[in-house]
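Positions are given from 1, in the same order as the sequence printed here. Atom set for the values below is all heavy atoms of this structure, side chains included, hydrogens, waters and symmetry mates excluded.
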Amino acid sequence: MTTAQLTNDFKEILTGRRSIKKYDPTVKISREEMEEILSLATLAPSSVNMQPWRFLVIDSPEGKATLAPLARFNQTQVDTSSAVIAVFGDLDNFSNAEEIYGKAVELGHMPLDVKDYILTSFATYYEKITSEEMRDVVLVDGGLVSMQIMLAARAYGYDTNAIGGYEKDKIAEAFGMDKDRHVPVMLISIGKAADGGHASVRLPINKVAQWK
């Protein structure tokens, strides 16, 4: 495949994406394929590489029944999609620091002394950061990985819709997660579109960008 073909394929992923409200309910995404999509999504950047995103893949009838009253204004997406991915940000993400940076040493990405220095520095930072500041961090990182999910899904031939209208204060607890630790970012419905969706208008670049 040439560079031009790769560029055109990526442009199609971007320009062909639509926010889909209704899916073909007969299309089910396998766990293996979903794991591949999520794995690609986790290549997104995150603050000091702590990867605070956590995914709840809601694809069973029981799971959707639990979600339904919490996302009642987006019922069609819940009912017809192959799955709804609830994206959370983990406020206790530094607990994975040793695993992440230890693996980096094991793979030869950094020497051990550099890893030890970085983790000591980060530990001081995480001791001082407020819960409000950490919440801001995980929301930004959660937004980055959410867009990656939608682009990865498109590359696999699936369609998505980002959903912000749901009971954010209830969803973690409804699925047995610690609501004080897991900050809801968004829901992403995923599946095969039942129709082409609608094109939408974007503001011109000279309206949203400045050069100085």
**Q** What pair of heavy atoms forms the shortest contact from Lys22 to Ile20, and how long is it?
**A**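 Minimum heavy-atom separation between Lys22 and Ile20: O-CG2, 3.2 Å.
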**Q** Decide yes or no for Glu98 and Leu119: does some side-chain heavy atom of the first lie under 4.5 Å from some side-chain heavy atom of the second?
**A** yes
**Q** Mind running side-chain contact (heavy atoms from CB on, under 4.5 Å) on Asp159 and Lys192 for me, showing each step along the way?
**A** CA-CA 6 Å; Asp159 303 284; Lys192 183 69 72 173; 4.3 Å; yes
**Q** If the plane angle is over 60° it's perpendicular, under 30° parallel, otherwise tilted; pick one for Tyr101 and Phe122.
**A** perpendicular
**Q** Find the distance between CD1 (Ile190) and OG (Ser82) and round it off to the nearest 0.5 Å.
**A**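 These two atoms lie 7.0 Å from each other.
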**Q** Nearest 0.5 angstrom please: Leu91 CG to Arg181 CZ, how far?
**A** 8.5 Å
**Q** How far does CD of Gln75 sit from NZ of Lys64, to the nearest 0.5 angstrom?
**A**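 Interatomic distance, Gln75 CD to Lys64 NZ, rounded to 0.5 Å: 10.0 Å.
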**Q** Looking only at side-chain N and O atoms, does Thr124 offer a donor or acceptor that is under 3.5 Å from a partner on Glu127?
**A** no
**Q** Using a 4.5 Å cut-off on heavy atoms from C-beta on, say whether the side chain of Ser189 contacts that of Lys21.
**A**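 Sidechains of Ser189 and Lys21: no contact.
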**Q** So for atom CD1, which belongs to Ile205, do other residues, nucleotides or ligands contribute more than 12 heavy atoms lying within a distance under 6.0 Å?
**A**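 No, the 6.0 Å shell around CD1 holds no more than 12 heavy atoms from other groups.
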**Q** So do the side chains of Trp53 and Val138 get within less than 4.5 Å of each other, counting heavy atoms only?
**A**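 No, too far: nothing below the 4.5 Å cut-off.
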**Q** Would Gln51 and Asn49 satisfy side chain to side chain donor-acceptor pair (under 3.5 Å), going step by step from the backbone distance to the final call?
**A** CA-CA 5 Å; Gln51 306 163 50; Asn49 197 31; 3.2 Å; yes
**Q** Please round to the nearest 0.5 Å and tell me the distance separating atom CG of Asp90 and atom CG of Asn96.
**A**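 Reported to 0.5 Å precision, the distance equals 7.0 Å.
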**Q** Quick one, Ile163 and Ile188 - any side-chain contact, counting heavy atoms below 4.5 Å?
**A**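 They are not in contact (no side-chain heavy atoms under 4.5 Å apart), so the answer is no.
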**Q** Less than 4.5 Å apart, any side-chain heavy atom of Tyr117 and any of Leu112?
**A**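 Counting from C-beta outward, Tyr117 and Leu112 never come under 4.5 Å.
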**Q** What distance do Met34 atom CE and Lys28 atom NZ have between them, rounded to the nearest 0.5 Å?
**A** 10.0 Å
**Q** Just wondering, do Leu40 and Leu151 contact through their side chains at under 4.5 Å, heavy atoms?
**A** no
